[in-house]
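Values reported hereafter were calculated over all heavy atoms of this structure, with side chains retained and with hydrogens, waters and symmetry mates removed. Note that ligands are numbered from 1 as they come in the structure, with each ligand's atoms numbered from 1 the same way. Computed from a prediction, not measured in an experiment: that's the story for all the values here.
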Amino acid sequence: MFENTERTELSALGEFGLISHLSKHFISKNDSTILGIGDDAAIVKMGDAYIAISTDSFIEGVHFDLMFHPLKHLGYKAVAATVSDICAMNAIPTQITVAIGLSNRFSLEAVEELYEGMRLACEKYEIDLIGGDTSSSRSGLILNLTAIGQVDPKKVTYRKGAKPNDLLVVTGDVGGAYMGLQILEREKKVFIEHPVMQPDLETYDYIVGRQLKAEARVDVIKLLDELKIIPTSMMDVSDGIASELFHLGQASAVGFDIYEDKLPIDPQTIDTALAFDLNPSIMALNGGEDYELLFTIDQRDWDKIKNNPDFTVIGHANELVNSYKLNTKSGNSFDIKAQGWEHFSKD
Ligand code: ADP
Ligand code: MG
């Protein structure tokens, strides 16, 4: 039972308010704890190396819908999403652990599918599954993954560190995973109403793939190393660029100016957004689950990335703390609102 009889709704704090409320009484005691709560991963010192550690949960009905997430893809995606937070520290992932809660609904064959997806991801990212936990669950499938990685202390990259005039770079393209989810949800509704109809997913292969077959950008971390670039700040795009921009800005005490015409959006994302009567740029800013990397670099490093189509400069940092401006194609400037995914939000 609770000793405190007051009742405050979690929605009054929101996900990030709740994390800072709960964590404020935990002060790190060990010299080996280089960075605790507040970034994509914690950083711990082991000998001469820094170790990055990050945990992610995947709850049926919250993070995925088994009506359209095949178990093999889900296993792969859970590993990719967890590894993505290790990449966000400029670290190379090395190991994962997997805790799983299963209800009787799942057969051995189903769990084997899930693990086959995780095995493929471990192979792709060259990481080892080194442990975990298994238990029964009364509310569907629950996954909890912890990823570990290594980074040279001179190369570790935090959310803090961006300086005014640094360039803001995003990898790949954004908004696709969210539009893919809209397609999958629409086809699910059609299927429930008319079970004989076959879903039309081929037209949307790229964005549906972005939703179901997420990848962590371990390749980008290796490439940055080859190019001799250490970003001044970095995080991964799990909740949408707009929301991540606030995290980078707050941690670094800078503001950002970004340019609508620079946002890297795949043509299929644009066409689908327009067909849903949605603004593609808003989808690119607020859609989550792209697992791309968003980072800042010193302007002197621009030459090293300018010819790589996988890197797009979308704006720059400035000294205006708490200012996040979107400069539109029509020449206007708007304050960006973070509408990205947040647990316990009021709407
Ligand atoms: P990300 O989206 O990059 O995975 P989160 O927003 O989930 O990051 O978490 C932000 C920070 O808060 C991380 O440092 C994470 O370890 C920490 N955190 C999240 N939930 C908890 C919790 N229940 N207890 C302690 N730390 C937490
Ligand atoms: Mg992250």
Side-chain angles (χ1 to χ4, degrees), residues 8 10-11 13-30 33-44 50-59 62-64 77-93 96-99 125 142-149 151 156-162 168-172 174 177-178 214-218 220-221 231 233-252 285-296 338-345:
T8 307
L10 296 180
S11 61
L13 290 92
E15 178 188 351
F16 302 115
L18 179 63
I19 296 171
S20 57
H21 182 80
L22 295 176
S23 60
K24 67 179 175 222
H25 302 297
F26 290 80
I27 313 291
S28 299
K29 291 176 276 302
N30 294 295
T33 306
I34 303 297
L35 180 75
I37 294 167
D39 214 299
D40 293 278
I43 297 289
V44 170
Y50 275 4
I51 306 296
I53 306 169
S54 183
T55 296
D56 269 325
S57 300
F58 304 88
I59 316 282
V62 178
H63 297 94
F64 58 88
K77 181 171 177 174
V79 174
T82 312
V83 158
S84 178
D85 279 321
I86 299 299
C87 297
M89 309 307 289
N90 207 18
I92 295 288
I96 51 159
T97 63
V98 177
Y125 302 130
I142 299 172
L143 289 169
N144 193 286
L145 277 70
T146 295
I148 299 170
V151 54
V156 65
T157 306
Y158 302 113
R159 291 180 182 181
K160 68 173 187 209
L168 180 68
V169 185
V170 69
T171 59
V174 284
Y178 180 77
E215 290 286 359
R217 299 308 306 262
V218 181
V220 168
I221 299 307
S233 71
M234 179 154 64
M235 65 183 298
D236 71 329
V237 184
S238 51
D239 299 337
I241 288 188
S243 151
E244 320 304 15
L245 211 55
F246 278 68
H247 289 306
L248 286 185
Q250 274 165 11
S252 300
L285 286 174
N286 291 300
E289 298 191 289
D290 290 310
Y291 299 109
E292 296 294 342
L293 292 168
L294 181 69
F295 57 91
T296 51
Q339 295 166 349
W341 174 262
E342 190 183 336
H343 293 271
F344 314 120
S345 62

Interatomic spacing from CD1 in Ile96 to CG in Leu145 - rounded to 0.5 Å: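 Here the rounded value is 5.0 Å.
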Spacing of CD1 belonging to Ile53 relative to CD1 belonging to Ile148, to within rounding of 0.5 Å: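 Ile53 CD1 to Ile148 CD1: 6.0 Å, rounded to 0.5 Å.
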In terms of atom number and element, which parts of ligand 1 are under 4.0 angstrom from non-hydrogen atoms of [X]?
X      : value
Asp85  : 1 (P), 3 (O), 4 (O)
Phe16  : 6 (O)
Ser238 : 2 (O)
Ile37  : 12 (O), 14 (O), 17 (C), 25 (C), 26 (N)
Asp56  : 4 (O)
Asp40  : 3 (O)

Shortest non-hydrogen separation from Leu248 to Arg159 and the atoms involved: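 Answer, listing the atom of Leu248 first, then Arg159: CD2-O, 3.6 Å.
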Over all atoms of both residues, closest heavy-atom pair of Ala216 and Tyr125: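 Taking Ala216 first and Tyr125 second, the nearest heavy atoms are N-OH, 2.8 Å.
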Residue portion contacting ligand 1 (non-hydrogen atoms closer than 4.0 Å) for Glu244: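 Neither; nothing of Glu244 gets under 4.0 Å from ligand 1.
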Distance from atom 7 (O) of ligand 1 to nearest protein heavy atom, with residue and atom: Glu15 OE2, 4.1 Å
Exercise check, heavy-atom protein proximity under 4.0 Å to atom 24 (N) of ligand 1: no
I'd like to know if the side chain of [X] reaches the main chain of [Y], judged simply by a donor and an acceptor atom lying under 3.5 Å from each other, with no hydrogens or angles considered.
X      : Y      : answer
Glu215 : Ala80  : no
Thr157 : Asn90  : no
Asn286 : Gly240 : no
Ser252 : Gly161 : yes
Asp290 : Ala177 : yes
Thr296 : Ser233 : yes

Check: Thr55 N/O within less than 3.5 Å of ligand 1 N/O: no
Full working for side chain to side chain contact (heavy atoms under 4.5 Å, CB included) between Ile221 and Leu293: CA-CA 9 Å; Ile221 299 307; Leu293 292 168; 3.7 Å; yes
Compute the minimum heavy-atom distance from [X] to ligand 1 and say whether it is under 4.0 Å.
X      : result
Phe26  : no
Leu22  : no
His247 : no
Ser23  : no

Under 2.8 Å from the Mg ion (ligand 2), the protein N, O or S atoms, given as residue and atom: Asp40 OD1, Asp85 OD1, Asp236 OD1
OH (Tyr178) with more than 12 external heavy atoms under 6.0 Å: no
